Amino acid sequence: IMHLMVLLVYKMFTTSKEGIMKKKFIILLFAILMATAGGAAALCACSDGDTATLGAPKNFMISDEFFILWDKVDGAERYVLEIDGVQYETEDNCFEMQEMIDNVHPVNVKVKAIAPSTKNNSDWVEYTYEQPTAALKYNLLDDGSGYAVKKANDSSYVRGLEGRVVIPDYYNGLPVTQIAEEAFGEEQYEGFNPEYGINCNNKTTSVRMPHFLKHIGKDAFYACVALKDIDLPSNLSDVTIGMRAFEHCYALESIDLSYATELGSYAFYSCKSLKNIILPDDPPLIDIWVFHYTAWYNSQPQDQPIVLDGDILYEYNGRPEDGIYQIPEGIKAISGGAFVVTKITRLIIPDGVTLLGTEMFYPSKIEEVVLPSDLKSIPDSTFRNCKELRQVCVYGEEQNAKDGYFILPDTLTSIGEWAFNGCSADTVVIPNKDITIKGRGLPYTLNKVIWCGQEIDGETFKDMFNIY
């Protein structure tokens with residue numbers, strides 16, 4: 001068509017008196033049009049080769065009504081499911097599976113998103129539905145937002161925790177968000193086990209965690225000595241793990257904690273086979289002796305600082321020159337109990353260390369601490385019972401240090417419960433007016449506080465913040 005149009009125009013001009021003069025113009029116009037058409041064709045060819053592909057469905061779960069659910073995929077027209085070899089279609093990001101679930105377990109499901117003609121379909125994603133373990137009990141949380149799960153008390157279900165424990169995503173229409181305290185730990189149907197020297201659950205070998213998990217309670221899997229596999233949904237985030245939650249899980253070899261924000265004291269203590277530990281990019285708050293006497297810990301040199309995941313000072317085992325130690329470059333966090341029973345008297349924590357642990361020094365001879373100038377929070381009990389600690393100052397401002405003064409960074413926004421309890425400061429300098437201080441967060445010996453330049457009597461300040 002383009003060729004015909006150009007020839008027609010050419011014919012019109014060449015029959016006029018001025019046509020001959022315009023032959024060259026027509027030829028040039030033709031060349032430009034051909035080049036433009038060629039470029040457009042090339043662009044189309046390139047676009048066809050780079051057609052966008054839909055993202056794959058993710059975050060699968062099964063509701064109480066036995067619907068399989070997943071996140072919507074942007075741009076999807078519909079979805080195709082393949083359940084045990086049979087394909088189904090749906091326009092919604094859910095599909096009823098009652099009949100399939102009633103007839104067979106487990107149920108293998110594949111799902112992909114179907115795209116309009118301008119895009120490519122997503123890849124298949126696989127999901128396996130397993131029947132929840134019957135020997136479970138669910139307690140509604142105080143705020144009514146979901147359930148905590150634990151082993152059932154009914155003696156008829158005592159033998160129901162052998163092998164794999166499957167915890168569902170929902171119960172009674174609400175998400176299961178917590179593993180209760182002592183949920184599966186110290187199972188009494190075996191009683192005292194002489195092989196391990198403790199009361200233990202030696203029946204449970206693996207556990208499937210729920211999709212909405214937010215907290216694993218104290219002693220939840222304590223002494224589950226046969227527990228080897230923990231299956232976690234890929235969407236987990238902001239999960240806290242309580243004290244001794246997995247202590248004495250002797251068979252556990254690997255643990256993915258990339259979703260965790262807090263690890264309670266002794267959480268994986270004495271997990272003798274645990275050698276592979278995955279942590280998030282932003283280090284979690286690590287309490288005392290979380291990984292002591294694991295295979296990982298036992299493989300570390302015991303005469304020098306132990307560093308976890310490349311940027312967490314887990315434990316200091318060195319001998320400081322003149323009692324002074326500076327945290328090495330590249331460290332982002334310090335674990336709870338890192339300096340227990342050391343001879344350090346002066347600790348320098350440079351900028352870049354963003355997270356301190358709980359009870360880092362208890363007990364110790366620490367006398368002086370230099371805090372990062374960009375520190376935002378001091379957790380619960382960080383310097384608790386450091387009875388000889390009389391001087392705290394800010395990194396880069398050591399010239400302002402004074403005996404009996406705790407000078408805090410102006411970036412600090414929170415001081416945890418018991419944080420400085422038992423220390424020996426006379427004066428605390430707090431530059432930030434928008435600071436939160438929990439109960440017993442400051443020293444008993446406090447006589448005055450300099451808050452945003454204003455001097456306040458220590459007892460008056462404690463009254464203001466109700467921190468007795």
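Everything numeric in this text was worked out from a predicted model, so none of it was measured.
- Between Lys214 and Asp238 the shortest side-chain heavy-atom distance falls below 4.5 Å.
- Residues His248 and Cys271 share a closest heavy-atom pair of N-SG, 4.4 Å.
- Using modelled atom types, one side-chain atom of Tyr79 and one backbone atom of Val73 make a donor-acceptor pair closer than 3.5 Å.
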| For Asp71 and Asn59, what are the C-alpha separation, side-chain angles and deciding distance, and is it a side chain to side chain donor-acceptor pair (under 3.5 Å)? | CA-CA 6 Å; Asp71 291 349; Asn59 292 336; 2.6 Å; yes

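- In this structure, Thr411 contributes its side chain and Ser373 its backbone to a donor-acceptor pair below 3.5 Å.
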**Asked** ring-ring contact (aromatic ring centres under 6.0 Å, His included) between Phe291 and Tyr297: does it pass, once the steps are laid out?
**Response** CA-CA 6 Å; Phe291 298 109; Tyr297 178 83; 9.6 Å; no

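- Ring geometry for Tyr293 against Tyr269 counts as perpendicular: the plane angle is over 60°, on a 0 to 90° scale with 30° as the lower cut.
- Taken from CE in Met243 to CD in Glu181, the straight-line distance is 9.5 Å, to the nearest 0.5 Å.
- Among all heavy-atom pairs drawn from Leu279 and Ile312, the shortest one is CD1-CD1, 3.7 Å.
- Using a 30° and 60° split on the angle between ring planes, Phe361 and Phe383 fall in the parallel class, below 30°.
- Between Trp289 and Tyr314, the ring centre distance reaches or exceeds 6.0 Å.
- Considering only heavy atoms from C-beta on, Trp451 stays 4.5 Å or farther from Asn432 through its side chain.
- Within a 6.0 Å sphere centred on CG of Asp74, other residues, nucleotides and ligands contribute 12 heavy atoms or fewer.
- Without hydrogens or angle criteria, Ser414 side chain to Thr436 main chain gives no donor-acceptor distance under 3.5 Å.
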Candidate pair Ile334 and Met360, rule side-chain contact (heavy atoms from CB on, under 4.5 Å), full reasoning:
CA-CA 8 Å; Ile334 302 173; Met360 293 199 310; 3.5 Å; yes

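- Taking the six-membered ring where tryptophan is involved, the planes of Phe221 and Phe246 are essentially parallel, since the angle between them stays under 30° and well short of 60°.
- Using a 3.5 Å distance cut-off with no hydrogens or angles, the side chains of Thr90 and Asp92 do not pair a donor with an acceptor.
- Pro409 is not listed as a side-chain neighbour of Asp374, based on a closest heavy-atom distance of 4.5 Å or more.
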Please walk me through it: do Val125 and Trp70 pass side-chain contact (heavy atoms from CB on, under 4.5 Å)?
CA-CA 11 Å; Val125 179; Trp70 60 90; over 6 Å; no

Next on the checklist: Between Ile324 and Leu347, does the side-chain contact (heavy atoms from CB on, under 4.5 Å) criterion hold? Intermediate values first, please.
Outcome noted: CA-CA 6 Å; Ile324 300 172; Leu347 178 69; over 6 Å; no

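- Remark: Lys272 NZ to Glu253 CD distance equals 14.5 Å, nearest 0.5 Å.
- Between Ile277 and Asp256 the shortest side-chain heavy-atom distance does not fall below 4.5 Å.
- Remark: Leu141 CG to Asn139 CG distance equals 8.5 Å, nearest 0.5 Å.
- Residues Ile366 and Ile344 have side chains in contact (heavy-atom distance under 4.5 Å, counting atoms from C-beta outward).
- Proximity of a side-chain donor or acceptor of Ser265 to a complementary backbone N or O of Ile288 within less than 3.5 Å is not detected.
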Start with the C-alpha distance between Glu315 and Asn317, add both sets of side-chain angles, then the distance that settles side chain to side chain donor-acceptor pair (under 3.5 Å), and finish with yes or no. CA-CA 6 Å; Glu315 184 178 83; Asn317 291 315; 2.9 Å; yes

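- Using the six-membered ring where Trp is involved, Tyr325 and Tyr316 have ring planes that are tilted, between 30° and 60° apart.
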Full working for side chain to side chain donor-acceptor pair (under 3.5 Å) between Thr342 and Ser364:
CA-CA 6 Å; Thr342 68; Ser364 87; 5.4 Å; no

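- Salt bridge status for Glu417 with Lys438: absent, with no side-chain N to carboxylate O gap under 4.0 Å.
- At least one cation-pi condition fails for Lys151 and Phe184: the charged atom is not both under 6.0 angstrom from the six-membered ring centre and inside a 45 degree cone around its axis.
- Here the side chain of Asn201 pairs a donor or acceptor atom with the backbone of Thr204 at under 3.5 angstrom.
- Counting only N and O atoms by type, the side chains of Asp380 and Thr358 include no donor and acceptor under 3.5 Å apart.
- For the pair Gln302/Gln300, a side-chain contact is recorded, criterion being any heavy-atom separation below 4.5 Å from C-beta on.
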Begin with the C-alpha distance, continue with both residues' side-chain angles, and end with the deciding distance and a verdict on side-chain contact (heavy atoms from CB on, under 4.5 Å) for Val207 and Ile179.
CA-CA 11 Å; Val207 60; Ile179 311 300; over 6 Å; no

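- Ring pair Phe95/Phe67: centre-to-centre distance not below 6.0 Å.
- For Lys110 and Glu126, the salt-bridge test fails: no basic side-chain N is under 4.0 Å from an acidic carboxylate O.
- Note on Asp219 versus Arg244: salt bridge recorded, some NZ/NE/NH1/NH2 to OD/OE distance being below 4.0 Å.
- Among all heavy-atom pairs drawn from Ala76 and Leu54, the shortest one is CA-CD1, 3.8 Å.
- Between the CG atom in Leu412 and the CD1 atom in Ile378 there is a gap of 4.5 Å [rounded to 0.5 Å].
- Just one residue in the list Leu274, Ile306, Asn276 forms a side chain to side chain contact (heavy atoms under 4.5 Å, CB included) with Trp296, and that residue is Ile306.
- Proximity of a side-chain donor or acceptor of His211 to a complementary backbone N or O of Asp169 within less than 3.5 Å is not detected.
- No side-chain donor-acceptor contact under 3.5 Å links Asn202 to the backbone of Val225.
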- Task: Show your reasoning for whether salt bridge (charged side-chain N to carboxylate O under 4.0 Å, His left out) applies to Arg390 and Asp403.
- Result: CA-CA 6 Å; Arg390 289 187 49 80; Asp403 184 58; 3.1 Å; yes

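- Checked against a 6.0 Å centroid threshold, the rings of Tyr170 and Phe212 count as neighbours.
- Residues Arg208 and Asp231 are not paired through a salt bridge, judged by the lack of any N-O separation under 4.0 Å between the basic side chain and the carboxylate.
- A 4.5 Å side-chain heavy-atom check between Val392 and Tyr405 finds every atom pair outside the cut-off.
- Between Phe406 and the options Val429, Leu371, Leu389, a side chain to side chain contact (heavy atoms under 4.5 Å, CB included) holds for only Leu389.
- Arg164 has no carboxylate O lying under 4.0 Å from a charged side-chain N of Asp229, or vice versa, which leaves the two without a salt bridge.
- Two residues are said to be in side-chain contact when any heavy atoms from C-beta on lie closer than 4.5 Å; Ile68 and Phe60 meet this criterion.
- A donor-acceptor pair under 3.5 Å is absent between the side-chain atoms of Thr445 and the main chain of Asp426, judged by distance alone.
- Side-chain atoms of Glu398 come within 3.5 Å of backbone N or O of Gly396 as a donor-acceptor pair.
- A donor-acceptor pair is defined here as one N or O able to donate and one able to accept, closer than 3.5 Å; such a pair exists between the side chain of Thr413 and the backbone of Lys376.
- Taken from CD1 in Ile349 to OG1 in Thr354, the straight-line distance is 11.5 Å, to the nearest 0.5 Å.
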